[in-house]
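Numbering of residues begins at 1 and proceeds along the displayed sequence.
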Amino acid sequence: MLSQNCVLVRDPLSLEHIRSILVRLEDTIIFGLIERAQYAHNAKMYVSGAIPELKEKGIEGSWLEWFLKEIETFHAKARRYTRYAFFPPSDLAFTLIRVLARSLDEYPFTAGLPDPVLPPLAFPKVLYPNDVNVNPSILSFYTRSIVPRITQRATIALSALKRSNGIVGEDECEDDSNYGSAATIDVEILQAISKRVHYGKFVAESKFRDDPALFIPHIRSRNREGIEALIMRRDVMAKLLTRLRKKAATYAQDFGPDGDAIANSLSNGNAKVDVDGVVELYENYIIPLTIEVEVEYLIQRLNGLSEAEVEELVKTKPN
């Protein structure tokens with residue numbers, strides 16, 4: 001199914017389409033975490049000014065921040081973050097206006113990026129204009145909570161190796177100097193988590209269009225708790241976490257030449273990734289932040305609309 005290709009998708013707000021995107025992003029994130037778990041924590045990568053070679057070149061910030069800036073600069077030139085949006089102005093219903101707009105589902109972590117070399121792609125207006133972007137929170141919880149958790153096994157193994165070579169104390173911990181390899185994987189994971197979290201806007205827009213009258217009173221009163229109650233599906237969240245645990249446990253195993261799982265490859269610390277850590281990433285960070293994105297997007301959903309336009313939405317019959 002080519003659900004990732006927006007050019008080929010008839011209805012990007014179909015909940016079936018959205019679900020297929022989110023399920024596939026689970027795989028992307030899990031496999032990224034498996035790869036990142038092969039390296040030690042390398043805490044210096046996340047501390048501003050901790051890499052002297054960057055300071056010598058006059059580069060501020062952390063190694064990861066510099067890495068993100070460099071990669072996203074190229075991605076911006078390659079048209080990752082921009083598109084053309086086509087939509088009719090309110091007073092000329094049959095005339096299309098073309099504007100350069102932010103990508104539907106890609107949000108860079110850095111600012112001041114260059115314009116694309118290629119002309120932006122044309123997509124219909126799907127999401128309502130908004131400024132919701134939680135990437136700073138994603139970067140914070142990933143570097144402070146997730147990386148130390150999923151790299152614990154590699155970090156412990158590194159410390160044991162260093163001690164066997166007579167390296168003890170501060171020098172034995174956390175750092176295997178694989179900054180380039182680790183940061184490359186970090187960027188891939190961060191971008192996948194960002195896309196997954198911000199896809200909550202599609203969920204919110206789909207649910208709003210299904211029954212605007214249900215949401216409008218809460219939006220007008222800025223009742224975030226009321227909006228959250230309308231979009232929360234605890235049964236869906238429970239199924240998601242169950243599915244995620246099964247996936248992570250499957251992917252974390254080793255497999256023999258015949259394709260069968262090797263016995264005990266999940267036990268005794270042999271798993272490729274901390275399965276509980278993967279589940280907790282979703283339960284404690286990704287899901288709550290996605291809900292926050294959905295709520296804040298809907299809070300802005302009536303901005304700029306006239307009273308008459310809002311009343312027309314109220315009259316819309318539920319699908």
Side-chain angles (χ1 to χ4, degrees), residues 1 3 11-30 32-33 105 107 126-128 130 132-135 137-138 140-142 144-146 149-150 189 192-252 273-302 316-319:
M1 184 177 182
S3 56
D11 183 8
L13 290 178
S14 158
L15 288 179
E16 180 182 356
H17 164 71
I18 294 170
R19 181 182 179 277
S20 71
I21 295 287
L22 300 183
V23 169
R24 190 172 56 256
L25 283 170
E26 292 169 8
D27 298 340
T28 302
I29 292 169
I30 293 171
L33 293 173
D105 56 8
Y107 295 80
V126 177
L127 298 179
Y128 196 75
N130 67 94
V132 180
N133 187 329
V134 296
N135 275 349
S137 297
I138 293 172
S140 177
F141 78 66
Y142 176 76
R144 297 184 184 201
S145 300
I146 304 307
R149 173 75 180 266
I150 63 172
I189 297 172
I193 292 176
S194 175
K195 184 170 184 174
R196 198 281 177 208
V197 168
H198 288 101
Y199 235 87
K201 296 181 184 184
F202 287 79
V203 177
E205 180 67 21
S206 179
K207 291 181 177 180
F208 177 84
R209 292 192 189 186
D210 187 58
D211 191 355
L214 192 63
F215 290 92
I216 286 173
H218 297 292
I219 296 173
R220 280 175 157 169
S221 63
R222 307 188 73 79
N223 179 8
R224 287 175 168 80
E225 291 183 357
I227 295 173
E228 182 174 330
L230 292 175
I231 60 178
M232 280 277 285
R233 288 284 305 276
R234 297 194 181 280
D235 58 327
V236 173
M237 286 170 41
K239 291 178 181 177
L240 185 160
L241 294 175
T242 298
R243 180 177 69 245
L244 194 73
R245 181 175 293 279
K246 290 179 179 179
K247 282 186 178 182
T250 299
Y251 302 154
V273 73
D274 181 347
V275 175
D276 290 336
V278 174
V279 176
E280 289 175 17
L281 164 63
Y282 264 76
E283 186 172 18
N284 297 334
Y285 299 102
I286 289 179
I287 292 175
L289 208 52
T290 302
I291 293 171
E292 182 179 322
V293 165
E294 293 182 32
V295 171
E296 293 307 313
Y297 173 83
L298 289 170
I299 284 290
Q300 299 182 27
R301 185 56 180 78
L302 303 181
T316 304
K317 294 182 179 180
N319 292 329

Worksheet, complete the sentence: When rounded to the nearest 0.5 Å, the distance separating CD of Glu228 from CZ of Arg224 is 11.0 Å
Discussion item. So, taking the atom named OG1 in Thr290 and the one named CE in Met237, what distance separates them when rounded to the nearest 0.5 Å?
Written reply: 10.0 Å
Worksheet item: Parallel under 30°, tilted from 30 to 60°, perpendicular over 60°: which one fits the rings of Phe215 and Phe208?
Response: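 Taking Phe208 first and then Phe215, their aromatic rings sit tilted (interplane angle of 30° to 60°).
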Discussion item. Within the supplied structure, the quantity of interest is the number of heavy atoms (other residues, nucleotides, ligands) at a distance under 6.0 Å from Arg19 CZ; does it exceed 12?
Written reply: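 It does not: Arg19 CZ has 12 such atoms or fewer within range.
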Discussion item. Looking at Arg220, I want to see if its CZ is surrounded by more than 12 non-hydrogen atoms of other residues, nucleotides or ligands under 6.0 Å.
Written reply: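 Counting neighbours around CZ of Arg220, more than 12 heavy atoms of other residues, nucleotides or ligands fall under 6.0 Å, so yes.
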Worksheet entry | Partner of Ile286 under side-chain contact (heavy atoms from CB on, under 4.5 Å), chosen from Ile29, Ile138, Ile291 |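 Only one of Ile29, Ile138, Ile291 forms a side-chain contact (heavy atoms from CB on, under 4.5 Å) with Ile286, namely Ile29.
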Worksheet, complete the sentence: From the list Leu240, Ile30, Ile193, side-chain contact (heavy atoms from CB on, under 4.5 Å) partner of Tyr282 resolves to Leu240
Close side-chain approach of [X] to [Y], heavy-atom, < 4.5 Å:
{"X": "Asn133", "Y": "His198", "answer": "yes"}
{"X": "Ile231", "Y": "Val203", "answer": "no"}
{"X": "Leu241", "Y": "Ile287", "answer": "yes"}
{"X": "Val295", "Y": "Leu298", "answer": "no"}
{"X": "Leu230", "Y": "Glu294", "answer": "no"}
{"X": "Phe141", "Y": "Asn284", "answer": "no"}

For residues [X] and [Y], report the shortest heavy-atom separation together with the two atoms involved.
{"X": "Ser206", "Y": "Leu13", "result": "OG-O, 2.9 Å"}
{"X": "Val126", "Y": "Arg209", "result": "O-NH2, 2.8 Å"}
{"X": "His17", "Y": "Pro12", "result": "CD2-O, 3.2 Å"}
{"X": "Gly226", "Y": "Asn223", "result": "N-OD1, 3.0 Å"}
{"X": "Ile219", "Y": "Arg301", "result": "CD1-CB, 4.2 Å"}
{"X": "Thr28", "Y": "Ala192", "result": "CG2-CB, 3.9 Å"}

Worksheet item: Between Glu292 and Leu289, is a side chain to side chain contact (heavy atoms under 4.5 Å, CB included) present by the stated rule, with each step listed?
Response: CA-CA 5 Å; Glu292 182 179 322; Leu289 208 52; 3.7 Å; yes
Worksheet item: Can a donor-acceptor pair be found between the side chains of Glu205 and Tyr297 at a distance below 3.5 Å?
Response: yes
Fill in: Partner residues of Arg233 under the side-chain hydrogen bond (donor to acceptor under 3.5 Å, both in side chains) criterion, sequence neighbours left out
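Per chain and number, Arg233 pairs via side-chain hydrogen bond (donor to acceptor under 3.5 Å, both in side chains) with Asp235.
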Practice prompt. May I have the step-by-step check of side chain to side chain contact (heavy atoms under 4.5 Å, CB included) for Leu281 and Leu33, ending in yes or no?
Written response: CA-CA 10 Å; Leu281 164 63; Leu33 293 173; 3.7 Å; yes
Worksheet entry | side chain to side chain contact (heavy atoms under 4.5 Å, CB included) between Tyr107 and Val134, intermediate numbers included | CA-CA 9 Å; Tyr107 295 80; Val134 296; over 6 Å; no
Fill in: Arg196 and Glu26 ion-paired at < 4.0 Å
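The answer is no: the pair does not qualify as a salt bridge.
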Fill in: Working for side chain to side chain contact (heavy atoms under 4.5 Å, CB included), residues Asp276 and Arg149
CA-CA 10 Å; Asp276 290 336; Arg149 173 75 180 266; 3.6 Å; yes
